[in-house]
Amino acid sequence: MNRCLLCNQYFIPEISFLNILSPVEKHEAKLCQHCLNKFELLGKIRCFLCSKNLNKEGICNDCQRWQTIYRNDPLKNYAIFRYNAFFHDLMVNYKRYGDYVLYQVLQELCHEKLKSMNYDAYIPIPTSPEHMEKRQFDTISAIYADLVPLTPLLQKK
Ligand SMILES: [Zn+2]
Ligand SMILES: [Zn+2]
């Protein structure tokens, strides 16, 4: 029996074959199915640059405009979930109210996808010293430091 980090209800996690067979793949589910279902996965047909869902694959109007301003690809953003009201509330509680334990919810939402991605370096966007002081933790490294090797190369201006 696990306890859901968002609704506090006890739930029985789904048992996958990977969990049974592989000692490395031990992952404790942190969210019940009811809460998980409130997060909307983005569809497969999306903008190559910003992940916005489109009717056909390509580059969305916003990104085309950015490209004319910045010439080459300004930024590639890969999103897994739509930023719906539920996601918004999660981020408000995590970032504005500094609810540290929610880093585990965000890990739960992205750890599977991260395994299938491979980059040369994972560079966290730094938190401002004022926010660090207020929350007493770094919102980005709290989520990702356990999942990928982080290379902190940037500094907040
Ligand atoms: Zn729940
Ligand atoms: Zn786009």
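From a predicted model like this one, the values you see are computed outputs, not experimental measurements. Positions are given from 1 along the sequence. Both ligands and their constituent atoms are indexed starting at 1 by order of listing.
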Might you confirm whether atom [atom1] of [X] has over 12 heavy atoms from other residues, nucleotides or ligands at distances under 6.0 Å?
X    : atom1 : result
I125 : CD1   : no
N77  : CG    : yes
I12  : CD1   : no

For the rings on F87 and F39, is their centre-to-centre separation under 6.0 Å?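 For F87 and F39, the ring centres are under 6.0 Å apart.
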
Please confirm whether the backbone N or O of [Y] pairs with a side-chain atom of [X], one donor and one acceptor, at under 3.5 Å?
X    : Y    : answer
T151 : A121 : no
N53  : R46  : no
R82  : G43  : no

Residue-atom pairs from the protein, N, O or S only, that lie under 2.8 Å from the Zn ion (ligand 1):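 C4 SG, C7 SG, C32 SG, C35 SG, with waters left out.
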
Side chain to side chain donor-acceptor pair (under 3.5 Å): which pairs involve residues 122-133, sequence neighbours left out?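 Listed by first then second residue: T127-D138, S128-H131.
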
Partner residues of Y144 under the ring-ring contact (aromatic ring centres under 6.0 Å, His included) criterion, sequence neighbours left out: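 Listed in chain order: nothing, the list is empty.
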
Please give me the protein atoms (N, O or S only) lying under 2.8 Å from the Zn ion (ligand 2), ordered by chain and number.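 Short answer, with waters excluded from the count: C47 SG, C50 SG, C60 SG, C63 SG.
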
